[in-house]
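Read the structure below first, then the notes.
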There are 2 protein chains.
Amino acid sequence: MLDVTPHAPGKDEPVPSSAQPTRSPSPRYGARPTMKDVAARAGVGLKTVSRVVNGEPGVTADTERRVQDAIAALGFRRNDSARILRKGRTASIGLVLEDLADPFYAPLNRAVEEVARAHGALLINGSSAEDPERERELALAFCARRVDGLIVIPAGDDHRYLEPEIAAGIATVFVDRPAGRIDADAVLSDSFGGAREGVAHLAAHGHRRIGFIGDRPRIHTAAERLRGYRTAMADAGLPVDESWVSLGPTEPGRVRAETERMLAGPRPVTALFTGNNRVTATAVRVLARSPRPVALVGFDDLELADLLSPAVTVVAQDAARLGRTAAEQLFRRLDGAAEPPRRVVLPTRLIVRGSGELRA
Amino acid sequence: MLDVTPHAPGKDEPVPSSAQPTRSPSPRYGARPTMKDVAARAGVGLKTVSRVVNGEPGVTADTERRVQDAIAALGFRRNDSARILRKGRTASIGLVLEDLADPFYAPLNRAVEEVARAHGALLINGSSAEDPERERELALAFCARRVDGLIVIPAGDDHRYLEPEIAAGIATVFVDRPAGRIDADAVLSDSFGGAREGVAHLAAHGHRRIGFIGDRPRIHTAAERLRGYRTAMADAGLPVDESWVSLGPTEPGRVRAETERMLAGPRPVTALFTGNNRVTATAVRVLARSPRPVALVGFDDLELADLLSPAVTVVAQDAARLGRTAAEQLFRRLDGAAEPPRRVVLPTRLIVRGSGELRA
DNA sequence: TAGAGCCTAGACAACGTTGTCAGATCCGGA
DNA sequence: TCCGGATCTGACAACGTTGTCTAGGCTCTA
C-alpha cells in the first residue's frame, strides 16, 4: 500500500521561529537577496560585501562583522551563476556515461566525483543510454553550461561535433572507449589482452569448444574483446565455429536465447566467455539450470561472484581506476598541460575462481 | 570547501591589461564567440541572433539563414551561464546522495536523472559519504548554483541550514530518510514494515534466536528497521537477547566480526536479519563458511541473490521508484504545487528465496 | 608638520544573455 | 495617395557578480 500522509509538523521538533526575526525592509518576495541588498543593510559598498564573501583581505574586523550580520539576517547566498559569468570558469565538469545505474559505471562515476571534489569542482552527469544522439545532446548541453572539462564514455563513433568545443578550450577526456574520428585523450582497459587471457585460461584447461557472447560490434570494447577471443583461439590452435560467436544487445532475452542455443547445438560449447557484466549475469542464470556443467569466464567482476557455485572466474577491470585516471588527466589539462593527446591503457586482472576447469 | 579558485591569471589570456585588443577579425584565442560576434559577422543586431538561437518568431528566412551561417562559421554556442543569470531559472536540479557507487543508490540516481531529463533539466550530483558536513557543503554548493530544486538523501539529522534556501524558492524533497528538524516533502520506503515482515518470516519458520545487524543507529532507516525487528520478535513472543543486536558502521570488518560473534556465543543465533545490502553481502560471505547452516533474510535485494546457495530471501525496496517518485514530487513543486509538505511511504516486497527454513 | 606610503572602501564597467520598447518597413484598403 | 496595422529589427537596460581604479584617512618618518 502506498500511503500518503500529510506529515504532522509538530512531530519531529517544533520549528523555532526565532530563526528569521526581521526580514529587513522586505526585499521583493521570492527573490533572493543580492550583494546589493546586503550592502544596503550593512551600510557599506557593494564591493566590500564581495570582499567579505570571498574572504579577500582589506576589510576591517568591524566592517566585516557588520557585513556578516547582514548576510545572516538576509539569508544571503552568493549567486554562482553570476560569478561564473564574470570569472569565466565554472569549476564544474561534465560526465557522460552510458548508464548511471550500471554497476560497472557507478564506481567510475564515484571516482570521477572524488577527483573533481579534490579540485573543488562540481560534477554534472548524464546517461547516454548507449544512444549516440543522446550522448551528443548531453555533451553539448554541458558545453553550453560551460563546464571546464568533459569526460565522455562514448556511445557513438563520431565525435567531430566536439571539435569546436575542444578548440574553444573545453578539455575533454574519453574513458572506456576511444573517441571516434578525432584525436583526444583516452583512458581504456586492455579489452583485447584481457579477453585473450581469459579465453586462454579456458583453453589451458582443456576446452576446445568455447563460445563468445558480447555486446554490439560497433562498440569498441566489444570488438576488441572479440579480437582477443579469436587471437586466443588461434594461439591455442583451436578452430572457431561461427555459431559460437554472438554479438548484439545485452538485454537478458537475447543473451539467454544465445546461451541456450550454444549449449544445445550439435556441437555444443563446453565453455563460455562473456563480454561484460550484464552478459555474464544472464549467462550465469542460464548455466545454473544447465544439466551439464559449462565453464564460464566473464569480462568484468561481479559483486558476490565469489559466492556463486561454481564461483565465476572473471577478467576484472578497475572501474574506479579508470575514472580516477581520466579525471586526473582532465585536471592536468585544465592546469595547462599541453602535451599531445595520449592514450592510457590500464591492465586487466584475471581472477581465477575455479570455474575454468573442464568438468564435462 | 567548494570554491572557484582562479589560478594564475594571464595564463590562458595573454592579453595586455590595458584594454580589449582588436577583436573583430578573429576573436581572442581561447575565447568563445558570443552573440555579439555572430551579430557582427552576420551584419545583424544582437537581439536578432538571440531570436534565431532560441527559435523565436519574427525573423525572415533570409536573415535567419545569414545568422545560422555565422553561427556555424564561428562555432558559436550559447552561454547558458549568462542565460541563467538573466532568466533566473537554471533548469537543473541537485541530488545529494550517500554514495554514487552504491548499488542501491545508483538506480535511484538514474531514475531521478530520467525524470529530470523528461523535464528538460540537467542533474548535478554528489556523494555525502554519510558525512553530515559534506552533505551540507554539497547542498549549499548546489544552492549557490541556483539549482531549481534539490533532492537529498540525508546524512545528517538537522536540515535547518536549508531553511533560507527553501524560503527563497528552492524546492526540496528528501528521499530514503526524512528531513531532520524541518518540515519538508519526503519519499521513504517502509523500513519498519519491511523489517517486521522479514523477521516475521524467519519466526514463522521456527527460528527463535534471530540476530539483527544494521547500520548506525542515528540513521533513520536503521533505527526503523531495528524497531521492525523488535516488533516482530515481540509479535512472535520471542525474547531478544541484546547480544543478538548490533548497530554500527557497515564496513565489512565490523560486520564480519559481529556475525561471527553471534554465531559463536553460548546462545548462537540460528537466523540473521541484515539491515541493508552492504551488511547482507558481508554476512553472506561469513555464513557461506559456517559449518552450521544459518538462515538469512536481508533488507535490499542484491544482484545475483537468486543464484547464491541457498538463495537469499530479501526485503526488496524499489530504489528506482523511490527516485522517480521523489523527482516527480519535486517537479510538481516546481510547477507551483503549494500543498503542505507530505510524506510518501512506498511499500517493500518480501522476496522469498528459500533461505528462511530452519535447517539447523 | 609635510610628504610618502599603506590601508580601507566604494564607484564603475565589464561578463553574455534576454525582455522591453520603439523605429523602420511593408502591405492592403479607403 | 495616404493611413492603420502587422511584421521585422535593433538599441538599451537589466540579471548579480568581480576586477580595476581612485579617493580618502591613517601612520610613520624626516
Side-chain angles (χ1 to χ4, degrees), chain A residues 27-28 30-40 42-67 71 74 76-91 143-146 168, chain B residues 3-6 8-10 12-13 15-20 23 27-28 30-40 42-67 71 74 76-91 143-146 168:
Chain A
R28 303 149 310 219
R32 303 199 63 138
T34 71
M35 286 191 178
K36 207 166 132 191
D37 299 321
V38 174
V44 302
L46 180 55
K47 180 66 203 193
T48 299
V49 176
S50 174
R51 273 190 267 261
V52 170
V53 168
N54 294 295
E56 287 169 24
V59 180
T60 57
D62 179 60
T63 310
E64 165 154 10
R65 201 181 41 68
R66 289 219 313 286
V67 172
I71 287 175
L74 295 176
F76 168 80
R77 181 165 313 283
R78 182 180 65 201
N79 184 331
D80 274 356
S81 290
R83 171 170 229 241
I84 284 167
L85 175 60
R86 185 58 232 246
K87 302 199 75 146
R89 286 243 158 168
T90 59
C143 290
R145 296 288 173 120
R146 295 294 188 269
Chain B
D3 196 11
V4 184
T5 336
D12 24 330
E13 210 171 359
V15 176
S17 58
S18 57
Q20 295 285 71
R23 84 178 274 168
R28 299 160 314 203
R32 304 201 61 139
T34 70
M35 287 192 177
K36 205 166 134 193
D37 299 320
V38 174
V44 302
L46 179 55
K47 180 66 206 196
T48 300
V49 176
S50 173
R51 273 190 267 261
V52 170
V53 167
N54 294 296
E56 287 170 22
V59 180
T60 55
D62 180 60
T63 309
E64 165 153 11
R65 202 181 40 69
R66 289 217 314 284
V67 173
I71 287 175
L74 294 176
F76 168 80
R77 182 165 313 282
R78 180 180 65 201
N79 183 331
D80 275 357
S81 290
R83 169 172 234 243
I84 284 166
L85 175 61
R86 185 60 232 248
K87 303 200 73 144
R89 282 244 157 168
T90 59
C143 290
R145 296 287 173 119
R146 297 292 189 268

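Below, read A as the first sequence line, B as the second, and so on, with proteins coming before strands; counting in each chain starts at 1.
Using a 4.0 Å cut-off, no side-chain N or O of A:Thr34 falls inside it from OP1 or OP2 of D:dC15. Phosphate contact (OP1/OP2 of D:dT9, side-chain N/O of B:Thr48, threshold under 4.0 Å): absent. For A:Thr60, a side-chain nitrogen or oxygen approaches OP1 or OP2 of C:dA9 to under 4.0 Å. Of the side-chain N and O atoms in A:Ser50, none sit less than 4.0 angstrom from OP1 or OP2 of D:dT17.
Closest-nucleotide positions on DNA chain C for A:Gly43 and B:Asn54 were compared, and the one nearer the 5' end corresponds to A:Gly43. Annotation: of the two residues near DNA chain D, B:Ala82 and B:Pro57, the 5′-most nearest-nucleotide partner is B:Pro57. Between B:Gly45 and A:Arg77, it is B:Gly45 whose nearest contact on DNA chain D lies nearer the 5' terminus.
With hydrogens and angles ignored, no donor-acceptor pair closer than 3.5 Å exists between the side chain of B:Arg51 and the base of C:dG19. Donor-acceptor pairing under 3.5 Å, judged by distance alone, is present between the side chain of A:Lys47 and the base of D:dG19. With hydrogens and angles left out, the side chain of B:Arg146 and the base of D:dG16 share no donor-acceptor pair within 3.5 Å. Put simply, the side chain of A:Arg86 and the base of D:dT17 share no donor and acceptor less than 3.5 Å apart.
Atom CD in A:Glu64 sits roughly 13 Å away from atom C1' in C:dT8 (whole-Å rounding). Regarding B:Ile84, its CD1 atom lies at a distance of 17 Å from the P atom of D:dC15, rounded to whole Å. For B:Leu85 and D:dA14, the CG to C1' distance is 9 Å, given to the nearest whole Å. Per the geometry, CZ belonging to B:Arg145 stands 18 Å off C1' belonging to D:dC15, to the nearest Å. Rounded to whole angstrom, the span from the NZ atom of A:Lys87 across to the C1' atom of C:dA13 amounts to 17 Å. Rounded to whole angstrom, the span from the NZ atom of A:Lys36 across to the P atom of C:dA9 amounts to 21 Å. Here the P atom of nucleotide D:dG16 and the CG atom of A:Leu74 are 14 Å apart, to the nearest Å. In this entry the distance linking CZ of B:Arg83 with P of D:dG16 reads 17 Å, nearest Å.
Within the 4.5 Å cutoff, no side-chain heavy atoms of A:Arg32 are placed close to those of A:Asn79. Between B:Ile84 and A:Arg145 the shortest side-chain heavy-atom distance falls below 4.5 Å.
When each of B:Val49, B:Val52, B:Thr48 is paired with B:Thr63, the side chain to side chain contact (heavy atoms under 4.5 Å, CB included) condition holds for B:Thr48 and for no other.
The B:Glu56 side chain lies nearest to C:dG19 when the options are D:dT18, C:dG19, D:dT9.
In this structure, A:Ser81 reaches neither bases nor backbone, as no heavy-atom distance under 4.0 Å exists between it and the strands shown. Using a 4.0 Å heavy-atom criterion, one finds that B:Gly58 contacts the bases of the nucleic acid, with or without backbone contacts as well. Using a 4.0 Å heavy-atom distance criterion, A:Val53 is classed as making no nucleic acid contact.
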Query raised in the report: Would B:Arg78 and B:Asn54 count as a side chain to side chain contact (heavy atoms under 4.5 Å, CB included) if you check the C-alpha gap in whole Å, the side-chain angles of each, and the deciding distance to 0.1 Å?
Result: CA-CA 9 Å; B:Arg78 180 180 65 201; B:Asn54 294 296; 2.5 Å; yes

**Report entry** Intermediate values then yes/no, side chain to side chain contact (heavy atoms under 4.5 Å, CB included), B:Arg51 and B:Glu64
**Finding:** CA-CA 9 Å; B:Arg51 273 190 267 261; B:Glu64 165 153 11; over 6 Å; no

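Between the side chain of A:Arg66 and the backbone N or O of A:Ala42 there is at least one donor-acceptor pair closer than 3.5 Å.
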